[in-house]
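Keep in mind it's a predicted model, so treat the numbers as computed, not measured. All residue numbers refer to positions in the sequence shown, counting from 1.
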Amino acid sequence: MEFTTLVIVALVFVVVFALTSVKIVPQGFHFIVERLGRYHETLVPGFNVIVPIISSVRARVDMRETLVDVPEQSVITKDNAAVVADGVLYFQVIDPTKATYEVGDLQRAIQTLAMTTIRTVMGSMDLDELLSQRERINASLLRAVDEATASWGVRITRIELRDITPPADIVQAMGRQLKAERDRRAQILEADAEKESQIRIAQGKLEAAKLEAEARERLAEAEAKATRLVSEAVANGSGQALGYFLGQKYMEALKAFADSPNQKTMVLPVEMAGVAGALAGLGEILRDAVPASSAAPKVRPVGQPQPGPWSTPGGGA
C-alpha cells in the first residue's frame, strides 16, 4: 500500500514538474524568464523548457506593432489660439528586456509622452502653420517621441494627428477670409480678361487700319498710273485715251448716282449730246483696238439717221 502511494506521488510530481517546466511561446510574443528574482533568459516562440520553482515567467511581451490612442487635449498655439487636438501612435517592441525592466507601464508611458510632445510641438507654431503643415508636425512628433523611447527598447513607427479643431469664431473668421481671397482672385481674373480683350480688339483695329491704308495706297497708285498713262497718250497727240478716261468716269458717276438708296427719280440736267459724244469716243477707241481683218460693225453716231436702201452715200434720196 505504501509503495503504491509513493508511486502515485511520484507520478503527480513528474506531471507537475513537466507542466511547470514546459513553456509554449506563441508566435509574436517573447517571454521574460527570471531565476531567483533576476533576469535569466528570453523565451522565443516555440517549445521551451525552464527549471520550475527557481525559474518563472516574469512578463509576456507582445512583439507586434501596437496602437496607442492619444486622447483629445487642448493646446495653446504660439499666437494664443486654443485648439483641440488628438491623434494615434503606433509602436513596436524591439528589445523585450528593456521594455520589461526600463519602464513600468509601457503603453501608458508612451501615451503620456505623446501627449506632452504634441503640446510642446504645436505650442511652438502659429495656427496657420498647424492647419497647413500637418505632415511637418507629424514628422517632428515622430522624431521627438522615438528619441525619448529609444531607451525603453521601443521603436515608434508612426504618429499621426487625427484632428485639429480651432475655436468656432476662428473658423468663421477663416471662412470670411477665404471668401474674400476668392473674390479678390475672381476680380483679378476678370480684370486680366478684360485687359486681354481690349488689347486684342485694339490689335485687330490696328491690323484693319493697316490693311485699309495699304488698299487705299494701292488704289491711289493704280489711279496715278492710269492718269499718267492718259497724260502720256494726250501728250503724244492721241485724244482717244482722254475721251475713254472721261467717258469711264462719267458713266461711273451716273451709276453711283442711280444706285443711291434715297434716289427714286433721277433727273439728268445735262445735254444728251454730251453723253452721245462720250459714247462715240468709246466707240472710236474700240474700232481702233479691233484689227482691220475682223468684221466688227461700225458704230453710228447718235442723231444720224439710218441710211435706207434708197439713200445714197452722199445723203441724197
Side-chain angles (χ1 to χ4, degrees), residues 27-32 34 38-39 42 44 57-185:
Q27 185 67 36
F29 287 83
H30 284 182
F31 288 180
I32 303 299
E34 292 181 348
R38 298 183 60 181
Y39 170 74
T42 301
V44 297
V57 176
R58 168 69 171 78
R60 293 170 174 84
V61 182
D62 190 350
M63 303 298 293
R64 298 171 297 178
E65 190 171 4
T66 306
L67 168 66
V68 174
D69 189 11
V70 181
E72 189 177 87
Q73 58 180 331
S74 179
V75 179
I76 304 298
T77 62
K78 185 178 180 181
D79 51 354
N80 296 325
V83 298
V84 177
D86 62 347
V88 292
L89 182 146
Y90 295 86
F91 74 93
Q92 186 176 14
V93 176
I94 57 177
D95 190 340
T97 305
K98 290 183 178 180
T100 303
Y101 294 104
E102 297 295 334
V103 59
D105 189 344
L106 181 62
Q107 290 196 8
R108 184 179 178 184
I110 293 176
Q111 184 184 68
T112 305
L113 179 63
M115 292 175 61
T116 57
T117 306
I118 287 176
R119 284 198 294 267
T120 302
V121 173
M122 296 180 63
S124 62
M125 303 177 68
D126 295 333
L127 178 61
D128 293 337
E129 294 178 340
L130 292 180
L131 300 177
S132 61
Q133 300 183 11
R134 185 169 296 190
E135 292 183 359
R136 200 186 83 179
I137 297 174
N138 293 335
S140 300
L141 291 174
L142 178 61
R143 183 172 56 254
V145 177
D146 189 50
E147 290 177 357
T149 58
S151 60
W152 299 345
V154 174
R155 179 170 60 90
I156 306 299
T157 58
R158 188 185 312 169
I159 182 170
E160 297 282 345
L161 288 177
R162 188 161 47 194
D163 192 15
I164 300 176
T165 305
D169 54 346
I170 295 180
V171 174
Q172 295 176 359
M174 291 172 61
R176 292 193 300 268
Q177 180 182 1
L178 179 61
K179 184 178 182 300
E181 180 65 20
R182 291 177 182 262
D183 292 340
R184 183 184 69 84
R185 292 180 181 179

- Task: Taking atom CZ of Arg134 as the centre, report whether more than 12 heavy atoms of other residues, nucleotides or ligands fall under 6.0 Å from it.
- Result: yes
- Item | Minimal non-hydrogen separation, Thr149 against Ile110, with atom names | CG2-CG1, 4.4 Å
- Item | Side chains of Arg158 and Leu142 in contact at under 4.5 Å (non-hydrogen atoms) | no
- Task: Drop me the distance from Arg176's CZ to Lys179's NZ, to the nearest 0.5 angstrom.
- Result: 11.5 Å
- Query: For Glu135, what residues pass the salt bridge (charged side-chain N to carboxylate O under 4.0 Å, His left out) criterion, not counting sequence neighbours?
  - Reply: none
- Item | side chain to side chain contact (heavy atoms under 4.5 Å, CB included) assessment of Ile137 paired with Ile118 | CA-CA 9 Å; Ile137 297 174; Ile118 287 176; over 6 Å; no
- Do the side chain of Asp126 and the main chain of Asp128 share a donor and acceptor less than 3.5 angstrom apart? no
- Query: Any side-chain heavy atom of Val68 within less than 4.5 Å of one from Phe91?
  - Reply: yes
- Taking the side chain as every heavy atom from C-beta outward, state whether Asp95 and Trp152 have any pair of such atoms under 4.5 Å apart. no
- Task: Write down the atom of Glu129, the atom of Arg136, and the distance for their closest heavy-atom approach.
- Result: OE1-NH2, 4.2 Å
- How far apart are the closest heavy atoms of Ile32 and Thr100, and which atoms are they? CG1-OG1, 3.5 Å
- Task: Give the intermediate values and the outcome of side chain to side chain contact (heavy atoms under 4.5 Å, CB included) for residues Leu67 and Leu89.
- Result: CA-CA 6 Å; Leu67 168 66; Leu89 182 146; over 6 Å; no
- Item | Glu34 with Arg38: basic N within carboxylate O range, under 4.0 Å | no
- Query: Does a side-chain heavy-atom distance below 4.5 Å link Ile94 with Val154?
  - Reply: no
- Message: With rounding to the nearest 0.5 angstrom, report the CD to CE distance, Gln27 to Met63.
- Response: 10.5 Å
- Note on the structure: So OG1 of Thr42 and NE2 of His30: to nearest 0.5 Å the spacing works out to 8.0 Å
Residues 70-87, side-chain donor-acceptor partners within the protein, below 3.5 Å, at least two apart:
from: Gln73; atom 1: OE1; to: Arg119; atom 2: NH1; distance (Å): 2.4
from: Gln73; atom 1: NE2; to: Met115; atom 2: O; distance (Å): 3.2
from: Thr77; atom 1: OG1; to: Asp79; atom 2: OD1; distance (Å): 2.5
from: Thr77; atom 1: OG1; to: Ala81; atom 2: N; distance (Å): 3.0
from: Thr77; atom 1: OG1; to: Ala81; atom 2: O; distance (Å): 3.1
from: Asp79; atom 1: OD1; to: Leu127; atom 2: N; distance (Å): 3.4
from: Asp79; atom 1: OD2; to: Leu127; atom 2: N; distance (Å): 3.3
from: Asp86; atom 1: OD1; to: Asp163; atom 2: N; distance (Å): 3.2

- Query: Are the side chain of Thr112 and the backbone of Ala109 linked by a donor-acceptor contact shorter than 3.5 Å?
  - Reply: no
- Item | Asp146 (side chain) donor-acceptor with Arg155 (main chain) under 3.5 angstrom | no
- pair Tyr90-Glu160: side-chain heavy atoms closer than 4.5 Å: no
- Task: Give a yes/no verdict on a cation-pi contact between Arg60 and Phe29, requiring under 6.0 Å between NZ or CZ and the six-membered ring centre and an angle within 45° of the axis.
- Result: no
- Side-chain touch Arg58/Tyr101, heavy atoms, less than 4.5 angstrom: yes
- Quick note, salt bridge (charged side-chain N to carboxylate O under 4.0 Å, His left out) partners involving residues 100-112, not counting sequence neighbours, are none
- Item | Thr66 and Gln92: CA distance, side-chain angles, deciding distance, side-chain hydrogen bond (donor to acceptor under 3.5 Å, both in side chains) verdict | CA-CA 6 Å; Thr66 306; Gln92 186 176 14; over 6 Å; no
- Message: Any non-hydrogen side-chain atom of Ile159 less than 4.5 Å from a side-chain atom of Val88?
- Response: no
- Query: Do Ile164 and Leu131 come within less than 4.5 Å of each other through their side chains, counting heavy atoms only?
  - Reply: yes
- What closest approach, in Å, do Ala144 and Thr117 show between heavy atoms, and which atom pair accounts for it? CB-CG2, 3.6 Å
- Does the salt bridge (charged side-chain N to carboxylate O under 4.0 Å, His left out) test come out yes or no for Arg143 and Glu147, once each step is laid out? CA-CA 6 Å; Arg143 183 172 56 254; Glu147 290 177 357; 5.1 Å; no
- Task: Identify the heavy atoms of Ser151 and Lys98 that sit nearest to each other, and give their distance.
- Result: O-CD, 3.9 Å
- If every non-hydrogen atom of Val145 is compared with every non-hydrogen atom of Ala114, which pair is closest and at what distance? CG2-CA, 4.3 Å
